[in-house]
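Order of the sequence lines fixes the chain letters, A, B, ..., with proteins taken first and strands second; residue numbering starts at 1 for each chain.
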Amino acid sequence: MGMPMIVDWPTMVPTLLTWFHLHERPLAWREPGTSAWGILLSEVMSQQTPVSRVEPVWREWMERWPDPAAFAQASPAEVLRAWGKLGYPRRALRLLECAQVIVSRHDGRVPDDVDDLLALPGVGDYTARAVACFAYGHNVPVVDTNVRRVVRRAVEGRFLAGTASKSELPAVAGLLPAEDGPRFSAALMELGALVCTATSPRCGECPLRKECAWVAAGSPPPTAEELAKKKVQKFAGTDRQVRGLIMDVLRGAEAPVPQSEIDVVWPDDVQRSRALFSLLADGLAEQDDAGLFRLPR
DNA sequence: AAGCCGGGGAG
DNA sequence: CTCCCAGGCTT
């Protein structure tokens with residue numbers, strides 16, 4: 001639909017790298033010497049959770065479980081409590097399975113090959129490339145929500161990121177400089193996180209504003225068609241909220257809890273039962289011989 | 001391609 | 001209140 005814009009991307013690369021050098025956030029996992037396990041952990045924790053909330057938990061985990069082998073021996077209950085309120089606790093369970101696979105099939109070492117990484121539980125298209133790139137320095141395209149948004153705007157001249165798609169990989173791959181790929185990808189993500197933000201981009205602070213296709217086009221607002229595709233997920237009143245409330249009870253309980261302690265978290269019997277059942281099905285909760293509920297051992 | 005899966009903080 | 005966040009998995 002939108003007319004293709006010709007952008008002189010190569011000239012933007014050094015500009016972006018210079019900006020990154022000046023504005024990079026000092027995230028804990030960016031410190032030199034961070035292990036591949038540390039990178040993997042940071043990426044999984046950051047899936048759908050802002051990095052500001054991730055950092056303190058990441059530090060705890062790295063101290064407690066410094067490598068995959070140490071973590072692989074933890075119990076699901078321990079892991080879910082340590083995960084706390086990072087959200088989507090299934091991610092924590094998959095991380096445990098992931099570490100166990102790393103131990104059993106990769107000799108306890110986080111693989112550096114994208115396909116090997118993709119085969120790990122909880123590791124998808126983004127995370128696999130992020131680990132290959134940021135942990136091992138491989139020059140592979142890393143495409144997250146930030147990169148998609150920045151490329152859509154700066155290169156294609158459109159405002160919204162739209163739905164994630166593998167088809168965006170080649171486009172980003174074409175932008176990757178032969179040198180400094182990891183640095184470049186990190187800079188692109190950082191620009192999206194700090195400047196080229198989702199709803200209110202700070203174009204006045206953007207190092208690419210002179211070359212940005214969206215700015216050049218007059219900063220057109222998102223089209224009605226683009227807005228219609230957005231559809232933000234509800235949270236209040238959904239099963240996700242009820243599941244979260246139940247998990248909060250289980251995490252905080254010293255001993256297995258009776259049904260009555262779960263019943264008080266939500267008034268709707270049908271929805272509450274559905275949520276509890278789904279947690280059991282997901283392996284996020286279990287029932288002991290006495291019928292009490294607890295985190296999985 | 002669309003729906004589901006937590007929770008918090010900014011606007 | 002709505003929106004978003006270094007996504008992944010299932011259908």
Side-chain angles (χ1 to χ4, degrees), chain A residues 20 24-25 27-30 38-58 80 83-95 97-98 117-135 141-150 159-169 172 182 185-194 196-202 222 227-251 265-266 274-275 278-279 281-285:
Chain A
F20 187 47
E24 176 180 7
R25 289 170 296 179
L27 302 177
W29 46 87
R30 284 178 175 165
I39 300 296
L40 173 58
L41 207 47
S42 77
E43 297 301 345
V44 173
M45 286 181 167
S46 299
Q47 293 168 1
Q48 296 295 285
T49 301
V51 296
S52 56
R53 276 206 286 153
V54 166
E55 219 170 342
V57 182
W58 183 86
L80 289 169
W83 188 260
K85 295 196 170 186
L86 283 185
Y88 296 136
R90 296 195 295 192
R91 289 187 289 154
L93 241 36
R94 296 212 181 94
L95 201 42
E97 298 165 18
C98 176
L117 286 160
L118 280 171
L120 298 173
V123 175
D125 213 50
Y126 162 74
T127 304
R129 289 178 172 77
V131 171
C133 177
F134 300 135
V142 180
V143 183
D144 75 331
T145 183
N146 291 304
V147 173
R148 275 194 299 277
R149 185 173 57 245
V150 173
F159 186 78
L160 284 179
T163 309
S165 167
K166 278 194 167 188
S167 63
E168 310 230 14
L169 268 180
V172 177
S185 291
L188 218 44
M189 290 169 61
E190 197 79 335
L191 188 70
L194 300 181
C196 196
T197 52
T199 52
S200 306
R202 314 166 190 279
L227 285 176
K229 292 173 87 173
K230 288 305 291 178
K231 252 185 317 183
V232 178
Q233 276 190 20
K234 298 296 182 198
F235 175 62
T238 64
D239 287 7
R240 270 158 58 234
Q241 183 184 18
V242 182
R243 283 165 57 105
L245 292 170
I246 295 172
M247 285 300 288
D248 201 33
V249 170
L250 297 182
R251 279 193 305 263
V265 305
W266 197 254
R274 187 170 64 228
S278 71
L279 289 174
D282 286 348
L284 288 166

To the nearest Å, give me how far apart [atom1] ([X]) and [atom2] ([N]) are.
X	N	atom1	atom2	value
A:Asp125	B:dA1	CG	P	14 Å
A:Arg202	B:dG11	CZ	P	7 Å
A:Arg91	C:dG8	CZ	P	10 Å
A:Gln233	C:dC1	CD	C1'	17 Å
A:Trp29	C:dA6	CH2	P	10 Å
A:Leu191	C:dA6	CG	P	13 Å
A:Gln241	B:dC4	CD	C1'	15 Å
A:Asp239	B:dG7	CG	P	13 Å

From [options], nucleotide with atom closest to [X] side chain:
X	options	value
A:Val232	C:dG7, C:dC4, C:dA6	C:dC4
A:Val51	C:dG7, B:dC4, C:dA6	C:dA6
A:Gln48	B:dC5, B:dG6, C:dC3	B:dG6
A:Glu43	B:dG6, C:dA6, B:dG8	C:dA6
A:Ala198	C:dC5, C:dA6, B:dG7	C:dC5

### Query
Any salt bridge between A:Arg30 and A:Glu190, counting N to O under 4.0 Å?
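Looking at A:Glu190 together with A:Arg30, the answer is yes, because their closest N to O distance falls below 4.0 Å.
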
### Query
Between A:Asp144 and A:Arg148, is there a salt bridge with N-O shorter than 4.0 Å?
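Here A:Arg148 does not pair with A:Asp144 in a salt bridge, since their nearest N and O are not under 4.0 Å apart.
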
### Message
Assuming nearest nucleotide by heavy-atom distance, tell me which of A:Glu190 and A:Arg94 is located more 5' along DNA chain C.
### Response
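Looking at DNA chain C, the more 5' nearest nucleotide goes with A:Glu190.
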
### Query
Taking for each residue the nucleotide of DNA chain C with the nearest heavy atom, is it A:Leu120 or A:Arg53 whose nucleotide lies nearer the 5' end?
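Result: A:Arg53.
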
### Task
Measure the CG-CG distance between A:Leu95 and A:Leu120 for me, rounded to the nearest 0.5 Å.
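Rounded to the nearest 0.5 Å, the CG-CG separation comes to 10.0 Å.
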
### Query
Between CG of A:Leu284 and CG of A:Leu80, what distance do you get to the nearest 0.5 Å?
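If I round to the nearest 0.5 Å, the distance is 6.0 Å.
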
### Message
Can you give me the closest heavy-atom contact between A:Pro201 and A:Cys196, atom names plus distance?
### Response
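Closest pair (atom of A:Pro201, atom of A:Cys196, distance): CB-CA, 4.3 Å.
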
Looking at [X], does any N or O in its side chain come under 4.0 Å of the phosphate oxygens OP1/OP2 on [N]?
X	N	result
A:Lys234	C:dT2	yes
A:Arg149	C:dC5	yes
A:Arg251	B:dG7	yes
A:Thr238	B:dC5	no
A:Gln47	C:dG7	no
A:Arg240	B:dG7	no

#### Entry: B:dG11 versus C:dA6 - spacing of their P atoms, nearest Å
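It comes out at 14 Å once rounded to the nearest Å.
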
### Distance, C1' atom - from B:dC5 to C:dC5, rounded to whole angstrom
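Between the two C1' atoms, the distance is 14 Å.
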
#### Entry: Listed once per pair and sorted, the salt bridge (Lys or Arg N to Asp or Glu O under 4.0 Å) pairs that draw on residues 40-54 of chain A, sequence neighbours left out
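Counting only pairs at least two positions apart or across chains, no salt bridge (Lys or Arg N to Asp or Glu O under 4.0 Å) contact touches residues 40-54 of chain A.
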
Pick base, sugar-phosphate or nothing for [X], based on heavy-atom distances below 4.0 Å to the nucleic acid.
X	value
A:Thr197	nothing
A:Gly87	base
A:Ile39	nothing

### Query
Does the side chain to side chain contact (heavy atoms under 4.5 Å, CB included) test come out yes or no for A:Gln48 and A:Tyr88, once each step is laid out?
CA-CA 9 Å; A:Gln48 296 295 285; A:Tyr88 296 136; 3.8 Å; yes

### Query
Side chain of A:Thr49, base of B:dG6: donor and acceptor closer than 3.5 Å?
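Looking at the base of B:dG6, it does pair with a donor or acceptor on the side chain of A:Thr49 (distance under 3.5 Å).
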
